[in-house]
Amino acid sequence: VILLLALLCGTAAAAEWTPVTITDDYGYTAEISAAPQTIVSLGPSNTEILFALGLGDKVAGVTEYCNYPAEAQTRILIGGVSSPNVEKIVALNPDLILANSMNGEDNIAHLRKLGYTVLCLNLDSVDGTFSSIRRAGEATGTSAAAGELIASMQQRFRAAAEKVKTAGTETLTVTHLMSIDPYWVSGIHTFQDELITLAGGTNAFPEVDGWGIINLEHLLTTDPDVILVDSGAGMGEKGENLLKQSFMTDSRLSSLTAVKNNRIYVMDSDTFDRGGPRIVDAFDELVAVLYPESAGSPVATTPKASGFGSVLTLVGGAVALLLLRKNS
């Protein structure tokens with residue numbers, strides 16, 4: 001009897017599915033003829049979306065940087081974001097793979113050539129994040145949950161924006177740094193820049209398009225009012241917030257207004273360097289540090305993160321920069 005009921009339920013679930021044609025954020029179109037039961041995520045943001053949509057039980061494989069929610073860390077690891085292990089993915093035989101540009105065109109093309117449905121999501125802005133959540137919902141039969149999630153996020157954005165309106169008329173110049181060797185900042189056309197603008201600030205380095213490198217002299221002459229730095233020790237290791245320590249102890253930086261006014265803020269790199277459902281958490285955090293009075297209380301803690309965002313902190317070389325630019 002139990003087996004019969006299970007079969008009937010499975011048949012009913014299959015009958016409820018209506019084939020959908022999805023065009024991903026990079027123009028690739030795929031038809032999904034059956035409800036995906038086994039999903040592989042090739043990036044932390046995608047993983048967070050899937051779990052937020054209630055699909056955690058269908059997520060079979062994730063990258064080594066998919067550390068949120070905690071349950072994601074119990075899934076099979078299929079390699080890094082830029083170096084997914086195709087053999088491990090094939091072994092899982094997924095119905096759906098959610099990818100992003102940082103996975104590399106060759107890897108994505110290879111998976112598609114093997115017959116897998118691969119959808120790329122582009123979470124490089126607030127609207128891009130909403131679009132990706134919506135597409136993930138359509139591809140997995142969770143459009144209602146996606147709509148609810150987006151509506152909730154939009155409401156939180158509006159609530160935080162109201163705090164900005166009451167914070168005064170001063171426009172702060174703000175920069176966000178992911179490393180100090182070299183000084184690697186979030187320029188325009190990044191979602192960090194968009195969050196800074198939404199929070200009533202202005203990017204101190206609008207001449208930097210995407211993520212880019214500035215030199216010490218440029219930093220000193222620009223002299224931002226507020227400096228945001230990533231949390232953690234980098235390379236996936238827990239530790240002290242090295243970037244803030246460097247700013248507060250480097251004698252060459254002592255003349256900076258943000259240093260003298262103690263306006264160097266540690267941002268949780270797992271949220272501030274990631275698109276996804278928690279981008280609104282990043283916005284809340286940003287509003288709180290820029291306008292502590294309007295936030296109700298000062299930020300009490302400086303988070304220490306060890307996920308994908310932290311990897312960006314100290315890698316600092318041409319390889320990491322290339323990866324980020326490909327994602328911009």
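Counted by atom type alone, S231 and N241 present zero donor-acceptor pairs between their side chains at under 3.5 Å. With hydrogens and angles left out, the side-chain atoms of N93 and T38 include no donor and acceptor closer than 3.5 Å. Using modelled atom types, one finds a donor on one side chain and an acceptor on the other under 3.5 Å when comparing T23 with T29. When only modelled atom types and interatomic distance are considered, S152 and R156 share no side-chain donor-acceptor pair under 3.5 Å.
Among V118, I97, N107, the single residue meeting the side chain to side chain contact (heavy atoms under 4.5 Å, CB included) criterion with I89 is I97.
Judged purely by atom type and a 3.5 angstrom limit, Q192 uses its side chain to pair as donor or acceptor with the backbone of F272. With hydrogens and angles disregarded, no donor-acceptor distance shorter than 3.5 Å links the side chain of D95 to the backbone of P36. A donor-acceptor contact shorter than 3.5 Å links the side chain of R263 to the backbone of V289. A donor-acceptor pair is defined here as one N or O able to donate and one able to accept, closer than 3.5 Å; no such pair exists between the side chain of T222 and the backbone of L219. Not a single donor-acceptor pair under 3.5 Å links the side chain of S131 to the backbone N or O of D127.
Ion pairing between R135 and E138 fails under the 4.0 Å rule for side-chain N and carboxylate O.
Residues I214 and H218 come closest through the heavy atom pair CG2-ND1, 3.8 Å.
Classification of the F157-F130 ring pair by plane angle, with boundaries at 30° and 60°, yields perpendicular.
In this structure, the side chains of V90 and Y116 come closer than 4.5 Å at one or more pairs of heavy atoms.
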